[in-house]
Amino acid sequence: MSAPRSLLQITAVAILSISFSASAGQPIPRIAIIIDDLGYQLEAGLRALNLPGPVSYAVLPKTPNGTSLALTAHAKGKEVLLHLPLESVNQENLEEPGAITLDMSRDAFHEAFGVALASVPSAIGVRNHRGRPLTRHPGHMAWLMEEIAAHDGMFFVDSFTTHESIALQIAFESGVAAARRHVFLDNDRSPAALRKAFDRLTALARQKGVAVAIGHPYPETLEFLERELLELDSGTMVLIPVSQALNFIEPEVVNKL
Ligand SMILES: [Zn+2]
């Protein structure tokens, strides 16, 4: 576990990574794609794991197929994240297996995290599933970051659903490496909307150097990515595992934290 870093240091890291890219001449823009919500449907999950290239996968704990899908992903050399359900203020995740609930004591939280992590073998990072307890319950986010920090090299990927996401700030204060989401690929699954979201992802990557997208194992999303990722020209756009997008948080975002 590394020492907590100040926001000033994080800003320096972000600025350094940008100037490094600039000094390298013509850096090739990089995109990372995470497919969320794996664990229930085996067929869709396996199809998602067969996407070309180093796509990353967030697997729900204690689900019928989560463990086997995580092992298969790992065997294929793909990165796996624990997709941890966190109860939100409207209690939408109370029915989710392996969920972290707001009434848990610190010990119960630790136990639940351990059980969830054990059911998603080979997970090297954590993403929260649904729920936005982040801004209203910073205490639970701090506990979550403590759990992540206790595992060497483990990281956090923030959905970044509000621009006041406290999760990134708590991650950095806890010494946890983190990445943020830039684009949701399939809020709308129509071909035109998928096209538009993917184009936005690549445009952001060209602008920022790195951009991170989140999608789901919907047939429409998988069909789109199966085609699109094969057509990706590695000379102009590179798909990277999400662990390679860590700590690339834009200075304008850091300044808002
Ligand atoms: Zn999810």
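Whatever order the structure lists them in is the order used to number ligands and atoms, beginning at 1. None of the values given here were measured: they were computed from a predicted structure.
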* Atoms (protein N, O or S; no water) under 2.8 Å from the Zn ion (ligand 1) ->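 Step by step: take the Zn ion (ligand 1), keep protein N, O, S below 2.8 Å, and you get 3.
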* To do: Could you list the residues that satisfy ring pair (Phe, Tyr, Trp, His ring centres under 6.0 Å) with His74, not counting sequence neighbours?
  =>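 Result, ring pair (Phe, Tyr, Trp, His ring centres under 6.0 Å) vs His74: none returned.
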* Is the backbone of Tyr40 close enough, under 3.5 Å, to the side chain of Asn65 for a donor and an acceptor to pair up by distance? -> yes
* To do: Using atom types as modelled and distance alone, determine if a side-chain donor or acceptor of Lys78 lies under 3.5 Å from a backbone N or O of Gly53.
  =>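 Pair found, side chain donor or acceptor close to backbone of Gly53.
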* Asked: Looking only at heavy atoms, which two atoms of Ala70 and Pro121 are closest? And how far apart?
  -> CB-O, 3.5 Å
* To do: Of all the heavy-atom pairs spanning Val176 and Met145, show the shortest one and how long it is.
  =>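 Val176 and Met145 have their closest heavy atoms at CG2-O, 3.5 Å.
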* Do the ring planes of Trp143 and Phe109 sit parallel (below 30°), tilted (30 to 60°) or perpendicular (above 60°)? ->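 Ring orientation of Trp143 relative to Phe109: perpendicular.
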